[in-house]
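Have a look at the structure below before the remarks.
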Amino acid sequence: LKALRWHGRGDVRLDDVKAPQLITSDDVIIEVEATGICGTDQEEARHGPVSIPTSSPHPLTGFRAPITLGHEIVGRVIAAGPEAGVAVGTRVTPTPVIWCGKCNQCLAGAISRCEVLAVTGLSADGGMTDFVRVHAYQCLPVPEGIAAATAALVEPYAVAVHALDGVDVSGLLVSVVGFGSVGSCIADVVLSRGADAVIAIDPDPWSRQRAIDGGAAAALEPDQARSMRASLVIEASGAERGLATALLAAESGGAIVVVGLRGGEVPIPLPTLVFGELTIRARVGHDVEAMKQSVAGIASGSFGTRFHEIDVVDLETARSYILDQTSDRRGKKIVFSPRAEPTFRKPRR
Ligand SMILES: [Zn+2]
Ligand SMILES: [Zn+2]
């Protein structure tokens with residue numbers, strides 16, 4: 001079997017691997033239908049390691065590099081341990097979050113803040129291959145009617161749902177800074193929940209065009225952010241100037257939700273924050289409830305398609321997409337499928 005494995009920065013290989021086996025009694029083996037590629041994968045490949053353990057094994061999973069990438073997985077259970085509670089044949093999407101269930105955060109139900117959190121595809125082998133082992137508790141059933149490539153969007157949409165947890169967007173003007181995969185998902189969920197309008201803020205003209213095509217009311221370059229102020233701003237870029245741009249895009253008394261994360265410290269315009277009495281909150285990943293809401297939203301068609309054009313690719317193409325800094329595919333969502341035809345594409349620039 002072939003698997004796309006992260007060995008080090010700039011070093012992602014198509015390796016021959018053995019099929020995973022059941023180990024603990026609640027393990028399941030999933031035959032992969034599709035696995036989405038995420039900015040996190042590109043970040044690990046180009047600038048990492050960020051989350052992938054290299055020197056010592058992850059305390060929860062025992063894995064360290066090389067690790068098979070891929071955490072936006074949909075597939076079918078083909079084997080299950082005696083205590084899995086998931087029937088063989090069930091179509092599932094696993095949350096990539098592996099939590100300990102014992103720490104204070106887990107006991108409080110905040111699994112995305114687990115103190116020893118692990119992630120399938122980063123700190124355990126993921127779905128950029130034919131078969132992946134996960135815990136049964138990670139798995140949510142997925143209706144048969146959803147196309148595999150669309151079902152692979154459940155995880156990024158769960159990130160969007162979690163980012164908006166506790167936020168009522170109805171009737172609001174909402175700006176989204178960074179119109180990549182996560183930003184597009186958030187804008188989509190925001191519109192499905194009755195926001196007045198969405199404004200996209202992104203330096204890339206193709207991302208801005210995609211936003212307009214999908215129903216954003218306006219698309220601005222970052223230095224135009226002040227020109228249309230929103231009561232809620234989502235910072236989904238993680239760029240060095242992302243939070244500063246988000247603050248400038250917020251009207252006085254407004255709120256900023258930060259979900260983008262790329263580097264370390266970022267500058268912020270302090271007077272804008274203080275004089276505007278702005279509120280900043282942060283969100284990361286998702287929880288099981290967000291995954292459930294994401295499955296339901298995609299299954300019902302209330303979100304999932306507004307801003308996404310999906311390209312289904314094979315492993316070799318996935319590898320070059322993850323590594324190649326120049327091919328941005330114009331903001332398309334790239335999804336690996338073991339059944340994709342090999343693709344040969346001309347460079348676009
Ligand atoms: Zn992701
Ligand atoms: Zn925990």
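Ligands are counted one by one from 1 in listed order, and the atoms in each one are counted from 1 as well.
- Within the protein, the N, O or S atoms sitting under 2.8 Å from the Zn ion (ligand 2) are Cys100 SG, Cys103 SG, Cys106 SG, Cys114 SG.
- In the model, Gln42 has a side-chain atom that pairs as donor or acceptor with a side-chain atom of Tyr321 under 3.5 Å.
- For Lys2, the NZ atom counts as densely surrounded, since its 6.0 Å shell holds more than 12 non-hydrogen atoms of other residues, nucleotides or ligands.
- Residue Arg241 qualifies as open at atom CZ: its count of foreign heavy atoms under 6.0 Å is 12 or below.
- In this structure, a donor-acceptor pair under 3.5 Å is present between the side chains of His7 and Asp15.
- Annotation: side-chain contact (heavy atoms from CB on, under 4.5 Å) contacts of Asp165 (sequence neighbours excluded): Arg283.
- Proximity of a side-chain donor or acceptor of Thr68 to a complementary backbone N or O of Met128 within less than 3.5 Å is not detected.
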